[in-house]
Amino acid sequence: MFRCLIAAAAVALSAGHALANGHGGGDAPPPPKPEATTAPAKVVITKHGPKLVDLKGMTLYTYERDTTGKTSNCNGKCTESWVPLPATADAKAVGDFTVISRNDGSRMWAYRYRPLYTSPADKAPGEANGNATTLQWRIARPEN
């Protein structure tokens, strides 16, 4: 009987320490969470070389008329065919990715100061149907 009480007390003490998350009595605050700075896109390797895709795997494109690095020249009706890669209001630059403001006040992501877009012509991850629509649009590549 005495052995059972000692075993039960040992289990209770170790469980209490685990529940306190290793902070003894649980009075200490948890460590601060690091800021999330996740890139809005990633590089994938294709048979045509590396390209940038959004976090859902959809091909990203750049527009030849976007030359200043500070604005997008695809506005209004253009955004029906080329969807800007949206950035949240609190998004911050990370690596080669920057955030630019659009004419309508929204924000979007750019890679090396080239605004990034997706194409509604791409229905599934990996497709690059938008590249064939006009020569002014190019698949975004990490070396660009």
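As the structure is a prediction and not an experimental result, all values here were calculated from the model.
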Smallest separation among heavy atoms of [X] and [Y], with atom names:
X    : Y    : result
P40  : W109 : CG-CD2, 3.3 Å
P120 : S81  : CD-O, 3.0 Å
V94  : A39  : CG1-CA, 3.8 Å
G69  : I100 : O-CG2, 3.7 Å
W82  : S119 : CZ3-CB, 3.7 Å
E127 : K51  : O-NZ, 4.0 Å

Ignoring hydrogens and angles, tell me if any N or O in the side chain of [X] forms a donor-acceptor pair with the backbone of [Y] under 3.5 Å.
X    : Y    : result
R107 : S101 : no
N73  : R65  : yes
D54  : A41  : no

Indicate yes or no: at least one non-hydrogen side-chain atom of [X] is less than 4.5 angstrom from one of [Y].
X    : Y    : value
Y111 : P142 : yes
K123 : M58  : no
P50  : V44  : no

Let me confirm one number: the [atom1]-[atom2] distance from [X] to [Y], rounded to the nearest 0.5 Å.
X    : Y    : atom1 : atom2 : result
D122 : N129 : CG    : CG    : 5.0 Å
T98  : M108 : OG1   : CE    : 9.5 Å
Y63  : S72  : OH    : OG    : 8.5 Å
R114 : R138 : CZ    : CZ    : 9.0 Å

(message) Taking the basic N atoms (NZ, or NE/NH1/NH2) and the acidic carboxylate oxygens, is any pair closer than 4.0 Å for R112 and D96?
(response)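 Answer for the salt bridge query: yes.
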
(request) Apply side chain to side chain contact (heavy atoms under 4.5 Å, CB included) to K92 and V99, showing your working. (result) CA-CA 7 Å; K92 292 182 176 32; V99 179; over 6 Å; no

(request) Decide if the gap between the ring center of Y61 and the ring center of W137 is smaller than 6.0 angstrom. (result)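 No: the rings miss the under 6.0 Å criterion.
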
(request) Before giving the answer on side chain to side chain contact (heavy atoms under 4.5 Å, CB included), spell out for T79 and R102 the whole-Å C-alpha distance, their side-chain angles and the decisive distance to 0.1 Å. (result) CA-CA 11 Å; T79 60; R102 299 185 40 76; 3.2 Å; yes

(message) Between T118 and L60, does the side chain to side chain contact (heavy atoms under 4.5 Å, CB included) criterion hold? Intermediate values first, please.
(response) CA-CA 5 Å; T118 58; L60 292 170; 3.6 Å; yes

(message) So, using salt bridge (charged side-chain N to carboxylate O under 4.0 Å, His left out) as the criterion, who are the partners of K56 when residues are at least two apart?
(response)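 Salt bridge (charged side-chain N to carboxylate O under 4.0 Å, His left out) check on K56 returns nothing, list empty.
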
(request) Take F97 and L116, measure what side chain to side chain contact (heavy atoms under 4.5 Å, CB included) needs, and give me the verdict at the end. (result) CA-CA 10 Å; F97 295 96; L116 295 169; 4.0 Å; yes

(message) Y117 vs D66, test: side chain to side chain donor-acceptor pair (under 3.5 Å). Steps then yes/no.
(response) CA-CA 11 Å; Y117 307 85; D66 289 338; 2.7 Å; yes

(message) Quick check on side-chain contact (heavy atoms from CB on, under 4.5 Å): which of T59, V53, T46, T62 does I139 satisfy it with?
(response)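 Exactly one candidate clears the test, T59.
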
